[in-house]
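Structure first, commentary second.
Only this structure's heavy atoms are used, side chains among them; waters, hydrogens and symmetry mates stay out.
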Amino acid sequence: MGDALGLPAENLSPTRIRKRWKGEWRMRLLFRQGMISDDTEHTLMVAQALLAHSADVKAFQRSLAWKFRWWFAGLPGGVGLATAKACLRLWLGFPAEKAAVNSAGSGPAMRSAVIGTYFANNAAKRREFVLASSRLTHRGWQAETAALAVAECVALTIRCNSQPQTSEVLSMLRTLSREAEWQSVVARIEAGLLGQSSVAEFVRNLGLECGVTGYSLHVVPVAIYSWLRHPNNFRTSLVAALDCGGDTDTVGAILGAMVGASVGTNGIPAEWRDTICEWPRSVSFMERVAASLADQATSKKDLTPVRCFWPAVVVRNVLFLTVVLTHGFRRLFPPY
């Protein structure tokens with residue numbers, strides 16, 4: 001939901017978003033409907049790889065690598081530079097553990113929430129699988145730390161069966177990396193919450209007046225801050241973050257996963273849930289994937305990935321690319 005909601009505003013400044021669209025946030029990529037981007041597609045690929053291999057991390061990584069190859073071959077409408085390079089390396093024959101490129105992007109973070117959910121009660125597996133997913137495409141402590149942060153926040157929520165206490169979250173975040181930059185980010189989150197700063201004020205304090213960049217230590221802290229600032233409120237937290245502009249689809253995807261872990265499907269506004277226009281990876285398809293993962297977690301026995309009609313994905317991607325290019329052309333005109 002957060003991915004589809006934020007996608008039309010991707011890379012726009014807060015000022016231009018306000019000028020371009022009046023009123024409340026709603027799905028608007030294709031008339032009054034929303035479509036998913038690579039953020040959700042990556043999560044689905046991770047979920048499908050977990051369905052095939054949830055016990056063997058190496059087999060999981062190899063399975064995910066093949067899913068990335070075929071995803072890239074399907075002409076996706078949106079793909080980050082680091083992920084594109086990694087996919088090309090995979091097709092050129094690089095093994096899964098050596099395909100990653102140096103990058104501090106947020107690709108790994110946008111697909112790690114489902115791992116945090118699945119392995120909520122197994123810290124060792126959770127870390128192992130998050131790093132395997134991250135190191136398939138990105139090589140850098142920032143990308144890995146950001147991915148771990150998302151997974152750990154979601155896992156903590158699952159274990160608490162509600163949104164965890166802020167102090168518990170901050171304590172956990174501090175343990176993820178000793179790097180000074182990460183410790184500074186956590187300190188800024190804590191200071192902003194203590195001062196009751198709005199999400200917009202927190203973003204401005206990070207120096208991101210023109211919008212949240214795709215840097216993992218910008219995207220993930222903003223998502224975490226909005227999650228903690230507006231606990232258990234899907235609409236308010238999403239709107240507060242998306243209003244800040246920039247990489248809105250990725251911030252929305254990560255934040256939606258985090259808030260969704262505590263509020264569930266019923267906590268998502270019905271008008272957003274009912275206006276996703278997707279096929280063959282429809283909302284019902286995503287629900288089947290989720291149900292299979294839940295069954296697998298209970299049975300402790302690997303199932304098989306949920307199938308969809310893959311040739312239809314290419315047709316869908318051509319339509320998606322046309323819609324995205326149309327939005328890009330529209331941005332050449334006022335209001336600026």
Side-chain angles (χ1 to χ4, degrees), residues 36 38-71 74 90 95-97 99 107-137 144 147-162 164 172 253-254 256-258 260-266 268 278-313:
I36 63 170
D38 58 326
D39 302 80
T40 305
E41 292 168 345
H42 283 207
T43 294
L44 284 170
M45 287 190 288
V46 169
Q48 296 276 49
L50 280 173
L51 281 172
H53 303 284
S54 64
D56 184 340
V57 70
K58 291 293 185 182
F60 162 81
Q61 190 182 54
R62 289 193 298 269
S63 174
L64 185 58
W66 275 108
K67 294 184 188 307
F68 266 96
R69 287 184 181 98
W70 289 113
W71 170 76
L90 286 168
E97 64 273 15
M110 70 193 192
R111 59 180 183 257
S112 66
V114 69
I115 300 175
T117 304
Y118 190 83
F119 292 114
N121 296 303
N122 190 327
K125 285 281 189 184
R126 192 165 62 245
R127 180 179 179 85
E128 192 177 25
F129 275 70
V130 168
L131 292 179
S133 168
S134 300
R135 292 170 182 173
L136 180 62
T137 55
E144 292 180 5
L148 287 168
V150 174
E152 292 299 323
C153 285
V154 172
L156 194 55
T157 300
I158 298 298
R159 294 198 301 275
C160 294
N161 200 29
S162 64
M172 174 274 294
I254 293 171
M258 294 169 68
S262 60
V263 304
T265 304
N266 292 334
I268 301 172
E278 275 294 343
W279 185 80
R281 295 165 303 195
S282 62
V283 172
S284 62
F285 169 79
M286 299 179 207
E287 290 172 341
R288 291 197 301 275
V289 173
S292 293
L293 275 177
D295 290 343
Q296 179 172 288
T298 301
S299 67
K300 306 297 182 182
K301 182 179 179 181
D302 283 343
L303 303 178
T304 56
V306 180
R307 297 189 180 278
C308 73
F309 186 54
W310 188 84
V313 173

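A salt bridge does not link Glu97 with Arg135: every distance from a Lys NZ or Arg NE/NH1/NH2 to an Asp or Glu carboxylate oxygen is 4.0 Å or more.
Residues Leu131 and Glu144 approach most closely at CD2-OE1, 3.8 Å, considering heavy atoms. Closest of all the heavy-atom pairs between Val289 and Ala47 is CG1-CB, 3.7 Å. Of all non-hydrogen atoms in Pro280 and Phe285, the two that sit nearest each other are O-CB, 3.8 Å. Nearest heavy atom pair, residue Val313 against residue Cys308, reads CG2-SG, 4.4 Å. When every heavy atom of Ala147 is checked against every heavy atom of Ser112, the shortest pair comes out as O-OG, 2.8 Å. The minimum heavy-atom distance linking Ala65 with Leu90 is given by the pair O-CD1, 3.8 Å.
We find the OG-CD distance between Ser284 and Glu278 to be 11.0 Å, quoted to the nearest 0.5 Å. Note: Met45 CE to Trp66 CH2 = 14.5 Å, rounded to the nearest 0.5 Å. Interatomic distance, Asp302 CG to Leu51 CG, rounded to the nearest 0.5 Å: 8.0 Å. Remark: Asn122 CG to Arg127 CZ distance equals 13.5 Å, nearest 0.5 Å. Here Trp279 contributes atom CH2 and Phe309 contributes atom CZ; the two are 6.5 Å apart, rounded to the nearest 0.5 Å. Considering OH of Tyr118 and NZ of Lys125, their distance stands at 9.5 Å, rounded to 0.5 Å.
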Report task. Could you walk me through whether Phe119 and Leu50 pass the side-chain contact (heavy atoms from CB on, under 4.5 Å) test, one step at a time? Result -> CA-CA 10 Å; Phe119 292 114; Leu50 280 173; 3.8 Å; yes
Requested in this report: Please assess Met110 against Asp38 for the test side-chain contact (heavy atoms from CB on, under 4.5 Å), listing each intermediate value before the final yes or no.
Outcome: CA-CA 9 Å; Met110 70 193 192; Asp38 58 326; 3.5 Å; yes
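Without hydrogens or angle criteria, Glu152 side chain to Gly116 main chain gives no donor-acceptor distance under 3.5 Å. Between the side chain of Gln61 and the main chain of Ala132, a donor-acceptor pair closer than 3.5 Å is present. With hydrogens and angles disregarded, no donor-acceptor distance shorter than 3.5 Å links the side chain of Arg126 to the backbone of Ala151. A donor-acceptor pair under 3.5 Å links the side-chain atoms of Arg159 to the main chain of Ala120, judged by distance alone. Between the side chain of Ser292 and the backbone N or O of Arg288, at least one donor-acceptor pair lies under 3.5 Å.
Residues Cys153 and Met172 meet the side-chain proximity criterion, which asks for heavy atoms closer than 4.5 Å. Side-chain contact check for Val114 versus Leu293: some heavy-atom pair is nearer than 4.5 Å. Using a 4.5 Å heavy-atom threshold, the side chains of Thr40 and Arg281 count as separate.
Residues that satisfy the side chain to side chain donor-acceptor pair (under 3.5 Å) test with Ser133, not counting sequence neighbours, are Arg111.
The aromatic rings of Trp71 and His42 stand perpendicular to each other, their planes meeting at an angle above 60°, with 30° marking the opposite boundary. The aromatic rings of Trp70 and Trp310 lie perpendicular to each other, with more than 60° between the two planes, well past the 30° mark.
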